[in-house]
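Reading through the structure tokens given below for one structure.
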2 protein chains.
Amino acid sequence: MISLTEENYLKALFNLANNAGEVNVNELSKQLDIKMPTVTSMMKKLAEKKLVHYESYKPLRLTEKGKKEAALVIRKHRLTEMFLVDKMGFGWEEVHDIAEQVEHVRSAVFFDKLDELLGFPKIDPHGAPIPDKNGKFAWIAYDKLSDCHAGETVKVSAVIHTSSEFLKFLNNREIRLGTKIKIKSVESFDGSMIVSYDNRPADTLTHTVCERLLVEKTK
Amino acid sequence: MISLTEENYLKALFNLANNAGEVNVNELSKQLDIKMPTVTSMMKKLAEKKLVHYESYKPLRLTEKGKKEAALVIRKHRLTEMFLVDKMGFGWEEVHDIAEQVEHVRSAVFFDKLDELLGFPKIDPHGAPIPDKNGKFAWIAYDKLSDCHAGETVKVSAVIHTSSEFLKFLNNREIRLGTKIKIKSVESFDGSMIVSYDNRPADTLTHTVCERLLVEKTK
DNA sequence: ACATTTTGTTAGATGAATCTAACATTGTAG
DNA sequence: CTACAATGTTAGATTCATCTAACAAAATGT
Ligand SMILES: [Mn+2]
Ligand SMILES: [Mn+2]
Ligand SMILES: [Mn+2]
Ligand SMILES: [Mn+2]
């Protein structure tokens with residue numbers, strides 16, 4: 001049995017590990033806003049349960065079992081977010097905090113029903129993939145808008161760092177998943193882009209914004 | 001701030017208090033499946049928070065504040081159950097355990113949205129009233145089927161003791177809210193009733209069943 | 001290479017919610 | 001009215017998740 005608290009640690013570990021596969025105690029501590037000694041002791045507990053590999057002073061790594069359990073929590077989170085947006089009419093900027101709680105509901109039928117009512121969605125409202133019931137992800141390789149070039153037209157496919165503030169900013173600019181953005185020019189000194197989309201007047205997106213938008217190139 | 005645990009105690013107190021307004025430590029202990037000393041110490045804590053009146057060896061009573069908070073938890077529970085049945089397609093026998101968890105989600109907008117999507121329902125899937133946002137109940141005075149007489153035709157309006165087993169029994173008999181039951185005869189020695197409804201063959205309902213069905217008399 | 005900073009661990013304390021064992025009060029049945 | 005049963009409280013222990021203070025290891029920079 002994995003407690004609510006343990007589920008949150010596993011999810012945070014998984015999300016931080018994305019590239020290297022390794023996470024520092026310090027990083028995890030900051031991510032969860034929990035002090036390092038608490039994290040150390042929880043890591044020992046999760047190691048007992050064979051969910052993480054733990055050795056003193058070494059970076060943390062999820063075991064295969066840990067990765068699977070983490071993926072299943074992420075599945076519950078993302079199905080919840082999708083349901084809140086698609087079926088309940090919430091904005092994509094409103095759903096994270098609610099999903100952070102609902103993801104801990106213990107009921108297989110509940111999440112199966114969400115999945116079914118949503119038509120077995122593959123991505124969540126922020127474009128992130130929803131793992132299947134075995135915890136397998138269908139990773140999709142998107143480009144950061146900030147890595148694209150003047151003259152290209154791209155489709156917004158996902159957002160990273162999905163803080164409510166950033167999502168509200170995108171709402172103001174009327175940028176959503178699916179928006180086709182034409183890159184007019186790129187300022188080489190600060191990486192900001194002058195873009196147009198949806199017949200709006202040309203607009204500037206800062207490098208910070210462009211780094212957080214994942215896109216697909218359209219030919 | 002009222003913890004999840006405290007919310008469950010308040011709800012149990014409220015539900016047990018229905019008539020007398022008073023609840024024994026022992027009753028509450030059994031209801032929650034928590035030992036008496038634990039209940040006593042929680043009562044002292046809730047008394048500190050002005051949610052219950054507590055005096056040693058005296059029956060427990062919710063304060064007005066406690067009643068209101070309890071009603072608001074019940075509101076969240078019942079809105080959740082209603083949503084699960086009406087909007088998600090669960091059976092009325094499946095929803096209690098899920099609602100028991102979802103009721104603790106901390107998000108006013110979430111429950112407001114449920115309420116709105118449901119069209120501000122007044123009763124839950126078991127016929128129980130849903131308190132308003134101020135914790136006020138619109139009590140409806142129903143009769144127990146067991147208090148009705150041969151020859152009367154009544155409409156099932158609510159069920160009490162909504163265990164999954166009892167609800168599945170009603171499913172098998174195709175008895176739901178709204179079913180019109182004609183009382184053919186009452187066995188005086190055991191209180192069982194021979195009834196007919198929905199053009200089904202006459203059927204016997206034991207006293208135990210009749211006590212748990214709340215009905216309205218139809219003229 | 002050493003001093004300093006950053007990161008990580010150990011030890012011990014705390015608060016919430018639970019338990020058992022022992023004792024106290026209240027209610028009840030002869 | 002007394003004895004026994006039922007109910008309730010107190011005291012002390014446990015588990016979980018957290019913290020702070022002190023110490024230890026690793027990384028960094030001059
Ligand atoms: Mn989220
Ligand atoms: Mn969470
Ligand atoms: Mn219920
Ligand atoms: Mn509950």
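Every chain is numbered from 1 and lettered A, B, ... according to where its sequence line falls, protein lines coming before strand lines.
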Which comes earlier along DNA chain D counting from the 5' end, the contact point of A:S41 or that of B:V25, where each point is its nearest nucleotide?
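With A:S41 and B:V25 compared, the 5'-side residue is B:V25.
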Gap between atoms [atom1] and [atom2], on [X] and [N] respectively (whole Å):
X     : N      : atom1 : atom2 : result
B:K35 : C:dC19 : NZ    : P     : 5 Å
B:E22 : C:dT26 : CD    : P     : 15 Å
B:M42 : D:dG8  : CE    : C1'   : 17 Å
A:L32 : C:dG8  : CG    : P     : 14 Å
B:I34 : D:dG8  : CD1   : P     : 15 Å
A:L4  : C:dA16 : CG    : P     : 18 Å
A:M36 : D:dA26 : CE    : C1'   : 12 Å
A:K58 : C:dT9  : NZ    : C1'   : 15 Å

Name the one of A:H104, A:H96, A:H126 that satisfies ring pair (Phe, Tyr, Trp, His ring centres under 6.0 Å) with A:H77?
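Exactly one pass, corresponding to A:H96.
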Taking the side chain of [X] as its heavy atoms from C-beta onward, which of [options] lies nearest to it?
X     : options               : value
B:Y9  : C:dT18, D:dT9, C:dT7  : C:dT18
A:P37 : C:dG8, D:dC19, D:dA17 : D:dC19
B:T40 : C:dT9, D:dA17, D:dG8  : D:dG8
B:T5  : D:dA17, C:dT18, D:dG8 : C:dT18

Under 3.5 Å, is there a donor-acceptor pair between the side chain of B:N134 and the main chain of B:K136?
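Checking the backbone N and O of B:K136 against the side chain of B:N134, no donor-acceptor pair under 3.5 Å is found.
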Does a sphere of radius 6.0 Å around NZ in A:K217 hold more than 12 heavy atoms from other residues, nucleotides or ligands, not counting ones at 6.0 Å or beyond?
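Yes, enclosed.
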Taking the six-membered ring for Trp, are A:F14 and A:F137 parallel (under 30°), tilted (30 to 60°) or perpendicular (over 60°)?
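Parallel: the ring planes of A:F14 and A:F137 meet at under 30°.
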Give B:K44 one of three labels, base, sugar-phosphate or nothing, depending on what nucleic acid heavy atoms sit under 4.0 Å from its own.
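Result for B:K44 = sugar-phosphate.
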Pick base, sugar-phosphate or nothing for B:T38, based on heavy-atom distances below 4.0 Å to the nucleic acid.
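Here B:T38 touches the bases of the nucleic acid.
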Mind listing the residues from residues 48-57 of chain B sitting with a heavy atom below 4.0 Å of DNA chain D? Number order is fine.
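B:Y54, B:S56, B:Y57 - these, ordered by number, are the residues of the stretch whose heavy atoms sit under 4.0 Å from the strand.
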Do the non-hydrogen side-chain atoms of B:T162 and B:W92 ever get within less than 4.5 Å of each other?
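No; the side chains remain at least 4.5 Å from each other.
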For B:E187, salt bridge (Lys or Arg N to Asp or Glu O under 4.0 Å) partners two or more places apart
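Testing B:E187 for salt bridge (Lys or Arg N to Asp or Glu O under 4.0 Å), a comparison that skips the adjacent residues, returns none.
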Sequence neighbours left out, what passes salt bridge (Lys or Arg N to Asp or Glu O under 4.0 Å) with A:E116? Give chain and number order.
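For A:E116 there are no salt bridge (Lys or Arg N to Asp or Glu O under 4.0 Å) partners, ignoring immediate neighbours.
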